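First the proteins, then the strands, lettered A, B, ... as listed; each starts at 1. On a predicted model such as this, the values are computed, not experimentally measured, just so you know.
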Protein chains: 2
Amino acid sequence: MTKRPKATILDIARAAGVSKSTVSLVLQGSDLVRPDTADRVRKAIEDVGYVYNRGAANLRKAHSNVIGMVVNDLTNPFYAELAVGMERAFQSAGVVPFIANTGENPVRQEEVLKSMLEQGAAGLIVSPARGTPPDAFRRIEATGVPIVFAMRRMPDSRIPVVAPDNRRGAALAARHLLGKGHSRIAFFGGSSDLVVYQERLGGFREACREYGLHDSDVQVFESDTSRKGGMTCIDLALASETPPTAALCFNDAVAFGAMLGLRRHGLEPGRDFAVVGFDDVVEAQHYVPSLTSVAVDTAGLGERAAHIVLKMIQSRTTSAENHIGAVNLVVRESCGPDRNSARGV
Amino acid sequence: MTKRPKATILDIARAAGVSKSTVSLVLQGSDLVRPDTADRVRKAIEDVGYVYNRGAANLRKAHSNVIGMVVNDLTNPFYAELAVGMERAFQSAGVVPFIANTGENPVRQEEVLKSMLEQGAAGLIVSPARGTPPDAFRRIEATGVPIVFAMRRMPDSRIPVVAPDNRRGAALAARHLLGKGHSRIAFFGGSSDLVVYQERLGGFREACREYGLHDSDVQVFESDTSRKGGMTCIDLALASETPPTAALCFNDAVAFGAMLGLRRHGLEPGRDFAVVGFDDVVEAQHYVPSLTSVAVDTAGLGERAAHIVLKMIQSRTTSAENHIGAVNLVVRESCGPDRNSARGV
DNA sequence: TGACATTATTGGAACGTTCCATTTATCAAA
DNA sequence: TTTGATAAATGGAACGTTCCAATAATGTCA
């Protein structure tokens, strides 16, 4: 419809009878311009329907104001929550972050990161896709753009990380299960190419050892970190010679899947088989039976990550402390009652 | 760390022993440059770790390649699915969309849209926040940037819309319930400031009239479009003098909430009270009881919307046909058996 | 009133790219 | 060879902003 070329700072200057420099000052909210002139300029801006050209501005300015968050799976409510936490922090800092989804696809991730960089992102928060090659972030590190990993991390990278205390969380959950008297216990879901997996499994194994189980006694089933993956795990577990009676799942999605699978086998989660999840997504408490899970304060970690990049940008550094968030086990129905009625709660 | 100023096209030119124009041509994949020269240039690009400055380019070029999707609530899996559908379409077109969340907040939405525009967005897909003022998009229309509404729309706006056939979907669901013999039936959730609400409620009422019910016979409870809202609705409904025996819910979130609420009242959804949702999010089939819902092909609509903006951008027009997507009722457990055992099915 | 300090305003260069009009290299045919 | 045509490469202006140095306007005080 509107064919007229978009208005620039010069058009405004003309309309308000001032120079482009003055308009620029007004745009930046400088107090070097007399209030009534500023008003006149603002009015002109309004009148011509001017839209600021950030691209042009960034050409001169040191910093752009775009911050990108690259997440591996937006359909997972867990990451959506993370994104929302970050947004909150950014909002109060007056910046609008751009979110991009990689759908757990390293190739897509590459494209997305490239695009963010080209757009002149001032900072990046990334939860890397599964299977990201080790050198994927070298390029970015070289550019000096502040970047932090959230929730997930790369094997040995100097990029700061914001994540929950996976090891401790898993140990907490495992101890709870073991304390209930389960002796054949399994770990469901995830795969060893994820650092998070190693941490969680590590914590799990640690707790098992504390209770005198050998590594060979605990069964571990890798799978997708999805509902489907959880169903696969339970199928395999129940088919084994000595089926476990309890499982800690890599995340809540896997746990939901496992519970679904149990029902399919005619077993009731909680009563016949104890299930514990990880992440404590909102659904966990509403599910039937409600899911015992390790709460990690997702949104809080998101906010934290946002603050860290913001600070990195401001102090133009590329390094920061890692932040390992506290975790706690929230016990609900899915982990069932004590097995060994002799023991305490 | 890296303090060296970032490389420009000129640095590459120097390194490759050509002119900046040649580098520019290579960057654009032009075939006007001799293959071996192109290779030399590409090598130089690689060597210096050059990152393309899209801002600078857009200053000269007509179109940028950023497309924004502004969604009202990313934590709602329904909208996350929508976003993913769009991404798929954009990906195969080689563009990286930027997602921004408004969290159902019109003020935030304003900021987000402004930012997208300033960034030079070539096109926009928006599902407007609840309570968006009627003139919120006038600014954007004036700029001539292609924009389409997805899932939600504004009262009377000429902006093209991609949405499911809400009226028909609601009618379908209501007829199913009425056909089962329910005569006291309610509509749960949503509020009249949403066009979608009016459409769904309209279809619902239409079906009720077909079955001889008066408008006064059907009970309507407005609420948040969330789980919490659903719980409120069921509380109110059960407290009424003539409680309904079935409800169509504004969306699946409300339906989940209603089912939760029912349990709290000692009633079993499906058996004691029929619940039908809308949108058919992935959880619907996994819930216990599984939720009968109106499927709208969310991701498909997302793709559709993406294609439409893409076409609008290409043909530099600001108008397009609306797209009303087909819907169908997927019957599961939550709507229970027939009431009147004399009747069919 | 003049001189000076202070406050407001301004012109021009620069940012990194694209695109057009040219120039230069290459190749075929005469 | 020379010529002409075609292919390849190039210099410079332009895009819309910021920032600096410089100028113009205003205010203060003797």
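- Between the B:N76 side chain and the B:D73 main chain, no donor and acceptor come within less than 3.5 Å of each other.
- One interatomic measurement links the two molecules: OH of A:Y50 to C1' of D:dG16, which rounds to 7 Å at whole-angstrom precision.
- Here B:T22 reaches the OP1 or OP2 of D:dT10: one of its side-chain N or O atoms lies under 4.0 Å away.
- The distance between atom CG of A:N65 and atom C1' of D:dT18, rounded to the nearest whole Å, is 15 Å.
- Between the C1' atom of D:dC20 and the CZ atom of A:R60 lies a distance of 9 Å, rounded to the nearest Å.
- Put simply, A:T8 has no side-chain N or O that comes within less than 4.0 Å of OP1 or OP2 on D:dG16.
- With D:dC15, D:dT18, C:dT10 as the choices, the nucleotide that has an atom nearest any side-chain atom of A:I9 turns out to be D:dT18.
- The residue from A:L124, A:N322, A:V126, A:V309 that alone fulfils the side chain to side chain contact (heavy atoms under 4.5 Å, CB included) condition with A:V148 is A:V309.
- When the C1' atom of D:dT17 is taken as reference, atom OH of A:Y52 falls 7 Å away, rounded to whole Å.
- Listed pair A:T37 / C:dT9 meets the phosphate criterion, a side-chain N or O lying under 4.0 Å from OP1 or OP2.
- Between the side chain of B:E81 and the backbone N or O of B:T298, no donor-acceptor pair lies under 3.5 Å.
- Counting to the nearest Å, the P atom of D:dG11 and the CG atom of B:L25 are 13 Å from each other.
- Between the CZ atom of B:R34 and the C1' atom of D:dA9 there is a distance of 9 Å, given to the nearest Å.
- The residues B:E118 and B:K114 are annotated as salt-bridged, a charged nitrogen and a carboxylate oxygen being separated by less than 4.0 angstrom.
- With C:dT9, D:dG16, C:dT18 as the candidates, the nucleotide lying closest to the side chain of B:A57 is C:dT18.
- Residue A:S21 has no polar side-chain atom (N or O) positioned under 4.0 Å from OP1 or OP2 of C:dT10.
- For D:dT18, one of the phosphate oxygens OP1 or OP2 lies less than 4.0 angstrom from a side-chain nitrogen or oxygen of A:S24.
- For the pair B:D39 CG and D:dA8 P, the computed distance is 14 Å after rounding to whole Å.
- Between A:A38 and B:V51, the residue anchored nearer the 5' end of DNA chain C, judged by the nucleotide with its closest heavy atom, is A:A38.
- In this structure, A:N58 and B:V33 both approach DNA chain D, and ranking their closest nucleotides by distance from the 5' end singles out B:V33.
- Closest approach to the A:L59 side chain among D:dT17, D:dG16, C:dT17 is made by D:dG16 (side chain taken as heavy atoms from C-beta onward).
- For B:V18, whose side chain is taken as the heavy atoms from C-beta onward, the closest listed nucleotide among D:dG16, C:dG16, D:dT10 is D:dT10.
- Going from atom CG of B:D36 over to atom P of D:dA7 covers 16 Å, rounded to whole Å.
- Using a cut-off of 4.0 Å between Lys/Arg side-chain N and Asp/Glu carboxylate O, B:E111 and B:R108 are scored as salt-bridged.
- Contact check, A:Q28 against D:dT17: no side-chain N or O comes under 4.0 Å of OP1 or OP2.
- One N or O donor and one acceptor, one from the side chain of A:K20 and one from the base of C:dG12, sit under 3.5 Å apart.
- Looking at B:P128 and B:N72, their side chains never come closer than 4.5 Å, going by heavy atoms from C-beta outward.
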